Amino acid sequence: MVSTQQQVTIDGQSTMNSDPGVVGSVLRTIKRPRPLLLFYLVTALPALLAAVLITLPGLELARYPVFREALAERNLEFLVEGALPATGESVSLFAALGAMLVALGLLFVRAYLQGGTLLTYAAASPPSGREFLRGCNRWFGPFLLLNFLGSLLALIVLVAFGVVAALVSATLPLAILAAVTGLLVAGLVVLWIEVARATAVLRDDRHAGHALREGTRTLLRRPLPLLALALAGLLLQALLYGVGLPGRSIPIPAWFLSLLFLQLINLVRLAVRLGRWAGEVGLVAPTVPALATEETT
Amino acid sequence: MRRIRMLAVILTLLGVLLLAPAAATAEVPPPAVASYTIEVTYLPDSYRIVGEEVVRYTNVTDTPIPDLVFHLYLNAFESAETVWMQEAGYSHRGYSFNPQEAGHVNVHSLVLEDGTELKQEFPYDDETLMRVALPEPVAPGETVVVEVAFEAQLPRVFARTGWADEGEFVMAGQWFPKLGVWEGEEGWNAYVFHANSEFYADFGTYHVEITLPEGWAVGATGAEKTRSTDEAGTVTYVYSAENVIDFAWSASPNFEEYREQLGNVSLRILHYPEQEGTLRRVRNATVGAFRLYETWYGEYGKGLYDQLTVIMVPPEAGGAGGMEYPQLFTVGVMGGYLPGCVRLTEVETVHELGHQWFQSVVATNEAEDPWLDEGFTDYISTRAMESLYGNVLDCLGWELSYLAMRRAEYLQRPHVPMAGRAWELDAYSVATYSKPAVALTTLQQLVGEEAMLDFMQSYYERYAFAHPDTEDVREVMAESLSEGTATWFFEQLVYGEGTFDAHVTGLEGNEGAVERRGEVCVPSEVLWQYADAPPMEASWACEEPELNFAGSDPLVGIQINPEEKPPLDLNHLNDELQETPDLGVWLGLVVRALDIFQGLFLTGGGLW
């Protein structure tokens with residue numbers, strides 16, 4: 001099928017006709033690395049800026065050998081000293097506030113990149129840079145709306161179940177059940193929005209309402225593969241978090257080793273997330289009538 | 001009081017002289033001043049202890065005793081209006097009082113040996129102190145015998161004592177009418193029960209019969225002498241303890257028992273089945289610290305004790321954990337299992353065991369001089385924890401010592417004296433636990449470990465089974481260390497509010513300076529180095545508030561006390577400074593912050 005709007009050939013033959021699986025989806029993010037690199041850069045670079053700003057007082061602290069030794073030996077006693085007003089240097093509140101604002105701004109940047117990203121995974125061949133940007137522009141508005149609605153809904157679900165959990169906190173198993181149910185429902189909301197976005201791109205329909213409706217239909221048609229994909233992605237994220245723990249306990253003066261390890265972990269975590277989106281595109285494609293017809297002719 | 005101390009000293013010296021080869025173990029028992037014979041039944045359905053006691057009190061002073069003053073500690077938990085409750089804010093170590101599950105003790109009758117009935121009076125609104133006028137004063141050297149019928153309604157455990165587990169766990173601490181300490185012309189040393197106060201009592205002999213439902217296990221001060229099953233299907237346990245200042249017991253049908261022999265001492269640890277995992281940790285800490293304390297300070301109970309019982313309180317009775325009694329202590333104040341890298345259970349064990357030396361044997365007045373029992377115990381606990389484990393926290397390579405934890409608390413309120421009555425202290429925990437631990441460790445650094453051990457051993461030796469006060473300790477320190485050291489320690493730290501902070505005030509080009517802030521002085525060493533030259537070192541005496549360095553070459557670094565930082569120093573960070581920052585350290589911080597921000601920026605699941 002050729003979309004006149006997107007001007008990118010979306011061909012179900014390569015990925016959409018079959019379930020690519022989590023690993024296949026992650027591999028697709030590596031074979032078509034532009035979104036992964038862009039997502040990595042738009043998180044890593046502002047994070048680096050914020051990290052430098054917030055640790056600038058640490059440059060002065062690095063003149064104190066006790067501080068250096070405490071970090072090298074991982075002795076928490078330096079926190080005792082750090083808590084003292086006499087130390088003079090403390091974490092910059094402005095830098096922390098700036099970092100929060102940057103985090104908020106990045107939500108918009110990532111929403112912008114999502115259109116081009118899904119287009120990249122749906123296309124028969126990797127789109128050019130111009131086509132990628134065109135995809136970003138085309139889907140920015142609807143995706144921003146969908147993401148906002150999804151966030152609001154997930155927040156309401158979490159708060160509601162949180163209140164229920166608090167109300168039944170006297171009975172611990174009930175409270176745990178309420179909390180876990182809340183998390184599951186919020187997870188379903190996220191999955192719903194993700195599927196709606198994939199459906200929108202594959203149907204080339206910018207209407208957010210249509211996307212939500214078609215997303216619901218798709219979820220109902222292929223619930224098990226989609227849930228399995230989401231669960232697998234979640235488990236991989238948890239595994240990567242666990243693998244990353246030793247990296248976070250590397251002594252701070254061994255900064256280069258720590259940098260390599262942690263950045264590798266963060267890159268793979270990002271690849272798993274984008275891999276899930278790629279997998280969703282693959283699972284949604286056979287449910288789009290136009291594509292299904294194209295594939296059978 | 002002085003006479004008792006003198007008598008104890010003379011008897012000890014005589015013992016040492018007469019039995020010189022076996023002096024370390026041949027302790028002369030203290031005179032039994034306050035002895036109790038108690039027969040009680042615990043009723044688990046109503047959480048009551050019902051029975052009677054026969055109190056024998058001998059006047060060892062030269063002043064006649066006109067009346068008797070009893071502590072009725074459980075009355076502190078009768079309502080929210082008591083002094084204890086008002087001061088404590090209705091809770092203890094995070095565990096709250098429930099007025100529906102209050103406690104109290106009722107004295108039904110008081111009768112002298114000759115049948116004379118005595119009348120009870122409450123001199124204060126707070127009924128934790130009871131006065132009983134005697135028909136005739138107790139003359140010096142005489143003994144008065146009083147039979148007391150009483151009923152103790154235990155509260156649900158929240159502050160040391162009470163019931164839990166629907167009555168199937170009981171920790172009976174400060175549970176019976178107990179006499180204060182007669183101090184001759186100064187009268188009775190007994191105060192109403194304050195929140196920030198523990199206890200004070202004379203040494204004596206306890207013979208206690210406790211009747212319980214069949215199938216319960218009991219842990220108590222002293223040794224079990226007999227056990228008999230009664231016709232009613234109950235079991236009576238008979239315990240006896242000599243040369244002790246108190247008697248506590250705990251019982252439960254759910255207790256399992258661990259036994260081990262530590263030389264002549266029988267160690268028992270009572271625990272719930274689900275506490276099997278923590279049992280090993282409590283056992284290791286108890287055995288390890290027991291051996292250290294005996295090596296460092298002297299024999300357990302000066303050789304007169306052969307029993308040690310540890311009660312691991314169940315999680316719902318956490319308020320009963322972390323408390324010391326003669327020959328018995330409790331653990332479990334944290335209320336549950338902690339990961340192995342968080343050694344707070346070990347800290348609790350090592351600390352409460354330490355009280356067997358500095359409270360149960362050297363029986364200071366915990367109300368008037370709380371720093372003497374808690375402070376000395378915390379100091380020896382920091383040493384034991386360091387020797388046995390190194391650190392309290394040791395998770396993922398990050399570590400924190402017990403001394404550092406105590407120092408962290410001290411730094412919050414360093415301007416407090418250590419001496420003072422428990423309820424009058426401005427910052428009780430800092431004054432009685434943290435500052436003494438920090439100050440005594442600093443003293444140890446100054447005088448050396450050997451001299452410090454000599455001081456501690458002398459103190460334990462001289463005041464075993466006696467009641468020293470702050471000035472008595474000063475006297476021992478002056479003799480063991482030096483008059484100057486004792487003056488410094490007591491004037492500046494025990495009674496004083498001063499602080500100490502040595503710091504590098506500047507380092508630029510060829511010049512640098514160090515300065516001492518605060519009223520307290522700790523003699524220090526200073527090390528400094530010029531570029532392309534070996535480091536130089538000098539002593540920094542108390543007479544010089546500051547030192548300046550200037551040379552022809554650039555100064556690259558200054559360190560104060562490079563070998564060992566005094567814990568009293570308010571800020572260790574500013575003790576050292578180098579000319580150029582260590583970029584590797586800063587980059588390490590950047591990398592760690594980068595990782596945190598990347599995680600933060602990726603929040604939102606798959607939505608964003």
Side-chain angles (χ1 to χ4, degrees), chain A residues 43-44 46-48 50-52 54-55 58-68 71 73-84 86-87 99 102-103 106-107 110-111 147 150-151 154 187 190-191 193-194 245 248-249 251-256 258-259 262 266 269-270 273 276-277, chain B residues 391-401 403-405 407-412 501 503-504 507 517 557-559 562 565 569-608:
Chain A
T43 50
L48 183 62
V52 169
I54 212 161
T55 54
L59 196 57
E60 180 58 24
L61 285 174
R63 290 183 72 198
Y64 297 98
V66 174
F67 183 65
R68 183 188 62 214
L71 289 177
E73 294 165 10
R74 283 180 275 175
N75 188 334
L76 288 168
E77 193 170 355
F78 84 91
L79 289 178
V80 171
E81 314 296 347
L84 281 174
T87 305
V102 169
L106 280 178
L107 295 181
R110 294 211 304 275
N147 293 352
S151 300
V190 172
L191 183 62
I193 299 297
E194 285 180 5
L245 282 180
R248 291 181 180 92
S249 61
I252 278 180
W255 64 273
F256 192 65
S258 186
L259 176 73
L262 291 174
N266 280 325
R269 287 179 68 188
L270 201 52
R273 175 183 291 194
R276 197 173 72 231
W277 293 356
Chain B
N391 293 295
V392 172
L393 293 180
D394 213 335
C395 302
L396 294 171
W398 287 92
E399 55 191 42
L400 189 68
S401 70
L403 179 63
M405 277 177 68
R407 185 166 166 268
E409 187 186 45
Y410 165 68
L411 293 180
Q412 304 308 308
D501 178 22
H503 67 136
V504 181
L507 174 60
R517 288 179 187 155
I558 302 175
Q559 289 177 284
K565 308 280 180 222
D569 191 334
L570 290 185
N571 191 342
H572 287 165
L573 198 61
N574 63 22
D575 287 9
E576 302 180 2
L577 193 62
Q578 60 186 36
E579 191 191 17
T580 50
D582 188 326
L583 275 182
V585 169
W586 180 67
L587 286 169
L589 290 176
V590 172
V591 167
R592 205 52 57 88
L594 169 66
D595 177 52
I596 292 168
F597 280 116
Q598 277 176 299
L600 177 70
F601 291 170
L602 278 174
T603 50
L607 282 175
W608 296 94

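Residue numbers start from 1 in every chain, and the chains themselves are labelled A, B, ... in the order their sequence lines are given, proteins ahead of strands. This is a predicted model, so every value here is computed, not measured.
The residue among L589(B), L577(B), V585(B), V590(B) with the most heavy atom pairs within less than 4.5 Å of chain A is L577(B). Most heavy-atom pairs under 4.5 Å with chain B, from the set L270(A), N147(A), L191(A), I193(A): that is N147(A).
The backbone N or O of T55(A) sits less than 3.5 Å from a side-chain atom of W586(B), completing a donor-acceptor pair.
Heavy-atom distances place both the backbone and the side chain of R248(A) under 4.5 Å from chain B. If you measure heavy-atom distances from N266(A) to chain B, the contacts under 4.5 Å come from the side chain alone. For L245(A), no part lies near chain B; criterion is any non-hydrogen pair under 4.5 Å. Proximity to chain B involves both the backbone and the side chain of L59(A), based on heavy atoms less than 4.5 angstrom apart.
Atom CZ of F597(B) and atom CG of L48(A) lie 11.0 Å apart (nearest 0.5 Å). Between atom OG1 of residue T43(A) and atom CG of residue L600(B) there is a gap of 11.0 Å, rounded to the nearest 0.5 Å. Rounding to the nearest 0.5 Å places CG of L76(A) at 11.0 Å from CE of M405(B).
Considering only heavy atoms from C-beta on, L594(B) stays 4.5 Å or farther from V52(A) through its side chain. Proximity of K565(B) to V66(A): side-chain heavy atoms (C-beta onward) are separated by under 4.5 Å at one or more points.
Nearest heavy-atom pair across V591(B) and L262(A) is CG1-CD1, 4.3 Å. Here the shortest heavy-atom pairing between Q578(B) and A62(A) reads NE2-O, 3.8 Å. Taking every heavy atom of both residues into account, L61(A) and L573(B) meet most closely at CD2-CD2, 3.7 Å.
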In sequence, state the C-alpha distance, the side-chain angles, and the governing distance for R63(A) and L507(B), and then conclude on side-chain contact (heavy atoms from CB on, under 4.5 Å).
-> CA-CA 10 Å; R63(A) 290 183 72 198; L507(B) 174 60; 4.2 Å; yes
